[in-house]
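Here's the structure, in C-alpha cells; my notes come after.
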Amino acid sequence: MTGQVRTVDGRVAGRRGQATRQKLLDCLSEMLSSSPYRDVKVIDVARKAGTSPATFYQYFPDVEGAVLEIAEQMATEGAGLTEVLADRSWVGKAGWATAQELVDGFLDFWRKNDAILRVVDLGAAEGDKRFYKLRMKILNSVTNSLTDTVKELQAKGKVDKEVNAAAISGSLVAMLASVASHQRGFQTWGVKQAELKPSLALLVHLGVTGKKPTK
C-alpha cells in the first residue's frame, strides 16, 4: 500500500498498527474463501487475527469496509493485466502467443482472487455502486487497452474499419471475465483446464484480428 495508513478516527497508524491492520485483512481474505460473505463477523476476524473486535474497529467501520479495502487492492492489481498487451504483436505466431497470454493472465487472476471477486460480483449485482466501480476498474483497463490494439490494427489495414473496436473489445473482456468466474463449472461439462485455455485464446484471436491464428 502507498501513502499513510490511518485509523477510522483519522490518526496515522504506526508500523505495528499497519501490521495489525494488514493481518486483519489477510485473515478476512482467508475466511472469505471458506465462508459466505454475509456470515463473516467482526469477532471471528479479530479472533483469527489474534486481536480484539475493538482493535478491528480502529481500522475499519465494519466487515464490509474491510472487504472494500481488499477489493480495492485486488482491483489495482487487476489493472496490471494490461501489461500482457503492452507493445505486443497480433500478427502471425506472435499474435497467437499474445492471445494465449491474455487468457492465461485472466484465468490466473480470477483463480487467485476467486473469493473476493465473488463478493465484488455479488455487491455489483445488488446495485452497490462501490463494488460496481471496482469491478469496472478491472475490466475497463483491459478493455481500453484491447480497444487501442484493435484501432491500431484497423489503421494498418489489418482489421475491417467497420468493426467497432470498443464493442468487440468489451465483448471479449466480458466473455473472459464470465468464463474465468465459471472455471469450475466447465469441469462438470467434461472440459479440462488444458482444453479451456486454447479454446478461449482462439475466440480472443478471432475477435481481435478476424482471422484464425497461426500456430
Could you tell me whether the side chain of L28 reaches within less than 4.5 Å of the side chain of E69, counting heavy atoms only? no
Between T76 and E72 (side chain of the first, backbone of the second, donor and acceptor by atom type, cut-off under 3.5 Å), is there such a pair? yes
Would a 4.5 Å heavy-atom cut-off, applied to side chains only, mark M74 and F109 as touching? yes
Residue pair Y59 / L25, side-chain heavy-atom distance below 4.5 Å: no
What distance do E64 atom CD and D128 atom CG have between them, rounded to the nearest 0.5 Å? 6.0 Å
Do side-chain atoms of Q187 reach the backbone of K192 as a donor and acceptor pair under 3.5 angstrom? no
Answer yes if V84 and V208 sit in the same cluster of Ile, Leu, Val, Met, Phe, Trp and Tyr residues linked by side chain heavy atoms under 4.5 Å apart, and no otherwise. yes
Is D108 close to K112 at the side-chain level, that is, under 4.5 Å between some pair of heavy atoms? no
Which label fits F56 and F60: parallel for a plane angle under 30°, tilted from 30 to 60°, or perpendicular past 60°? tilted
For D114, is there an ion pair with R118 - N to carboxylate O distance below 4.0 angstrom? yes
Do other residues, nucleotides or ligands put more than 12 heavy atoms under 6.0 Å from K137 NZ? yes
Would you confirm whether T149, through its side chain, and S145, through its main-chain N or O, come within 3.5 Å as a donor-acceptor pair? yes
Is there side-chain contact between L85 and W90, with at least one heavy-atom pair below 4.5 Å? yes
Will you find, in the side chains of Q100 and D104, an N or O donor that is under 3.5 Å from an N or O acceptor? no
With heavy-atom distances below 4.5 Å as the criterion, would you say the side chains of F106 and V173 are in contact? yes
Looking only at heavy atoms, which two atoms of A165 and V150 are closest? And how far apart? CB-CG1, 3.7 Å
How close do S89 and T98 get, counting heavy atoms only, and between which atoms? O-OG1, 2.8 Å
hydrophobic_cluster_shared for V204 and V191, side chain cutoff 4.5 Å: yes
In Å, rounded to the nearest 0.5 Å, how long is the span from CG of L107 to CD of Q193? 5.5 Å
Looking at side-chain heavy atoms only, is the closest gap between E77 and N113 below 4.5 Å? yes
CD of E83: more than 12 outside heavy atoms within 6.0 angstrom? no
Is V142 close to L102 at the side-chain level, that is, under 4.5 Å between some pair of heavy atoms? yes
Could you walk me through whether E30 and D26 pass the side chain to side chain contact (heavy atoms under 4.5 Å, CB included) test, one step at a time? CA-CA 6 Å; E30 189 177 334; D26 292 342; over 6 Å; no
Any chain of hydrophobic side-chain contacts (each under 4.5 Å) joining V42 to V40? yes
What's the spacing between H205 NE2 and K212 NZ if we round to 0.5 Å? 12.0 Å
Under a single-linkage definition using a 4.5 Å side-chain heavy-atom cutoff for Ile, Leu, Val, Met, Phe, Trp and Tyr, are L200 and W96 assigned to the same hydrophobic cluster? no
